[in-house]
There are 2 protein chains.
Amino acid sequence: MRKASALKVASVKAPPVKRPRAVPAQPALSVRERILEVAERMFAEHGMSGVGLRAITTEAKVNLASIAYHFGSKDGLLEALFAQRAAPIAQERLRLLAECLEKSAKPKLEDILDAFLRPALTLGVQPQFGGPAFVKLRARLATEPETTTRKILSKAFDQSSRQFIDALIKALPQMPRPEVEWRFHFMLGAMFYTMADSGRIQALTNGRVDPGDVKRALHHMIPFLAAGFRSAPVV
Amino acid sequence: MRKASALKVASVKAPPVKRPRAVPAQPALSVRERILEVAERMFAEHGMSGVGLRAITTEAKVNLASIAYHFGSKDGLLEALFAQRAAPIAQERLRLLAECLEKSAKPKLEDILDAFLRPALTLGVQPQFGGPAFVKLRARLATEPETTTRKILSKAFDQSSRQFIDALIKALPQMPRPEVEWRFHFMLGAMFYTMADSGRIQALTNGRVDPGDVKRALHHMIPFLAAGFRSAPVV
DNA sequence: ACAATAAACAAACGACTGTTTACATCGGCG
DNA sequence: CGCCGATGTAAACAGTCGTTTGTTTATTGT
């Protein structure tokens, strides 16, 4: 039963050497961090069942058993990934939403959409950390019906999503709730497909449309969705 | 090499019962058809790399090597699946589109959207064959960046997609082409996410919104998207 | 300094991967 | 009959899968 000790996790590194200067050229990632970083990239690129632990540990230059040691299991690795990445996104979403709501009792639709979409598309896009890997990963898991991944997704984002639906209803007082919910669903679809950056629309348009261009994507997506949300509810 | 002894017959079972009746209640699927049917369902549910050939052949009650024999490889099986399923969808799309175009030189936006979305969501939804398996499978593959699957997708649907973009431009003469292309991309997202039926929006709405209800989904989706398409182009 | 604990490691576990092989069976034709 | 090509099949191939094992190395607390 070594598992019990493994769950203890990590202890904070405890720097034995005092760093005289911050920001060294090589941040000297720990084993844990290296695994997370590589796994994020590879899960995003090939899907959960498309990558083996050996591929991850080899690329991360880490022992195979390290994953079991630090994360318990492959699923545990995915959970840790989400625990690290999803929280900042949900948090930033709610911060921006609060900004919208405190400005006026009837918030502006476009601002709400922006508050929801922008963090999802931009946060975690740090070139030094493998770029938009988590964005892609999220889009990929969104279409997987496996119950384990669904639980992770739902735990990470359900609460903030509910708050956004409520905010959208405030912004569209005449709209029946189910109608708002359907439209929220379509918005999720447009968002995830943009995040997935599948290359299909590039191919269809000779590269004119590039979902990886986040600024432009938001610039086109928000007015499009806003018009959809504002259209008359269907009978 | 192979021990020539020990092979013994088996020939067990051998039901020589001649079927006296044509077209029995069970169409008596061929091996090929049984594999396709089961593979479609299982690929949709667990993804390409999530199902093994043994799982498929066991469920289809078929020999393991049959897949290699009939389809060459696992990828060949996927290609055969698309060759069988995608063509009718693309064909029906173009038929409906032609109907729109011959009615008037400036076709109605809603009709074009309907012509694009309805076949994707409804064709192949045969409850006796495991329901909307191909619909789900397509949504799943749409977010996979693997080049092999992308080629299959693109071969099956690119041509008809281009024609729809052109038709949309006809319906929206004042709209710049890139804007139409962006909006087409968002439409694809809403469509695929509805097809994936990931369960997320059901969870968020206590089941009020069910993307699996195709009639209702189209009923909400088309006006939503039409309003988005008609909104003023962004600068 | 010494024991306790955390971290890393090579090696192996059994089960499963897609593919290939060599052989058996079959209906139809000469 | 014998031969044919198409079809079906058990077994093996050469790996990879996620996980577990027992052990060794590093770091910590006292």
Side-chain angles (χ1 to χ4, degrees), chain A residues 1-18 28-36 38-39 42-43 46-80 146 148-149, chain B residues 1-19 28-36 38-39 42-43 46-81 146 148-149:
Chain A
M1 271 307 166
R2 346 175 93 248
K3 244 190 177 182
S5 65
L7 288 189
K8 201 108 121 38
V9 172
S11 77
V12 214
K13 172 112 218 275
V17 186
K18 230 175 202 171
L29 298 175
S30 72
V31 169
R32 228 189 105 97
E33 291 165 328
R34 249 179 303 160
I35 293 173
L36 283 172
V38 171
M42 302 193 77
F43 281 162
H46 306 103
M48 270 300 268
S49 53
V51 216
L53 298 186
R54 278 157 188 86
I56 295 172
T57 51
T58 301
E59 170 133 352
K61 291 197 233 306
V62 145
N63 187 274
L64 170 61
S66 304
I67 288 181
Y69 180 77
H70 286 281
F71 306 100
S73 68
K74 197 186 189 184
D75 282 331
L77 171 54
L78 182 68
E79 262 183 284
E146 319 281 341
T148 66
T149 69
Chain B
M1 304 347 211
R2 206 69 42 124
K3 58 202 356 188
S5 69
L7 277 242
K8 193 86 317 182
V9 184
S11 94
V12 132
K13 109 168 323 218
V17 268
K18 232 184 197 161
R19 244 186 245 294
L29 297 176
S30 73
V31 169
R32 229 190 103 98
E33 292 165 326
R34 249 177 304 160
I35 293 172
L36 283 171
V38 171
M42 301 192 79
F43 281 162
H46 307 103
M48 270 299 270
S49 52
V51 216
L53 298 185
R54 279 158 186 86
I56 296 172
T57 52
T58 301
E59 171 131 353
K61 289 196 234 305
V62 147
N63 187 274
L64 169 61
S66 303
I67 288 181
Y69 179 77
H70 286 281
F71 306 100
S73 68
K74 195 187 189 182
D75 282 330
L77 172 54
L78 183 67
E79 263 183 281
L81 211 41
E146 319 281 341
T148 66
T149 70

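Proteins get letters first, then strands, A, B, ... in listed order; numbering begins at 1 in each.
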**Study point:** From OG (A/Ser30) to CG (A/Leu36), nearest 0.5 Å
**Key:** 8.0 Å
Revision key, fill the gap. Taken to the nearest whole Å, NZ/A/Lys61 to C1'/C/dC9 is 17 Å
Check your understanding: If every non-hydrogen atom of A/Ser49 is compared with every non-hydrogen atom of B/Ser49, which pair is closest and at what distance?
Key -> OG-OG, 3.1 Å
Review point. Out of B/Ile67, B/Val31, B/Asn63, which one pairs with B/Thr57 under the side-chain contact (heavy atoms from CB on, under 4.5 Å) rule?
Key: B/Ile67
Exercise for review: Check step by step if side-chain contact (heavy atoms from CB on, under 4.5 Å) holds for A/Glu79 and A/Phe71.
Suggested key: CA-CA 9 Å; A/Glu79 262 183 284; A/Phe71 306 100; over 6 Å; no
Practice item. Answer with base, sugar-phosphate or nothing: what part of the nucleic acid does A/Ile67 contact at a heavy-atom distance below 4.0 Å? Key: nothing
Practice item. Compare the minimum distances between each of D/dT19, C/dT20, C/dT19 and the side chain of B/Leu64, then state the nucleotide with the smallest one. Key: C/dT19
Check your understanding: Taking all non-hydrogen atoms of both residues, which atom of B/Ala39 and which atom of B/Leu81 are closest, and how far apart?
Key -> C-CD2, 4.4 Å
Check your understanding: Atom CD in B/Glu33, atom CD1 in B/Ile35: separation rounded to 0.5 Å?
Key -> 10.5 Å
Check your understanding: Which parts of residues 48-60 of chain A get close to DNA chain D, meaning a heavy atom less than 4.0 angstrom away?
Key -> A/Val51, A/Gly52, A/Leu53, A/Arg54
Review point. Distance from A/Tyr69 atom OH to A/Leu64 atom CG, nearest 0.5 Å?
Key: 15.5 Å
Revision key, fill the gap. Separation of D/dG18 atom P from A/Leu77 atom CG, nearest Å, is 11 Å
Using atom names, set out every protein N or O paired with an N or O of nucleotides 5-8 of chain D below 3.5 Å, distance rounded to 0.1 Å.
{"unit_1": "D/dT7", "atom_1": "OP2", "unit_2": "B/Tyr69", "atom_2": "OH", "d": "3.3"}
{"unit_1": "D/dG8", "atom_1": "OP2", "unit_2": "B/His70", "atom_2": "NE2", "d": "2.7"}

Check your understanding: Checking A/Lys74 side chain against A/Met48 main chain: does a donor-acceptor pair fall under 3.5 Å?
Key -> yes
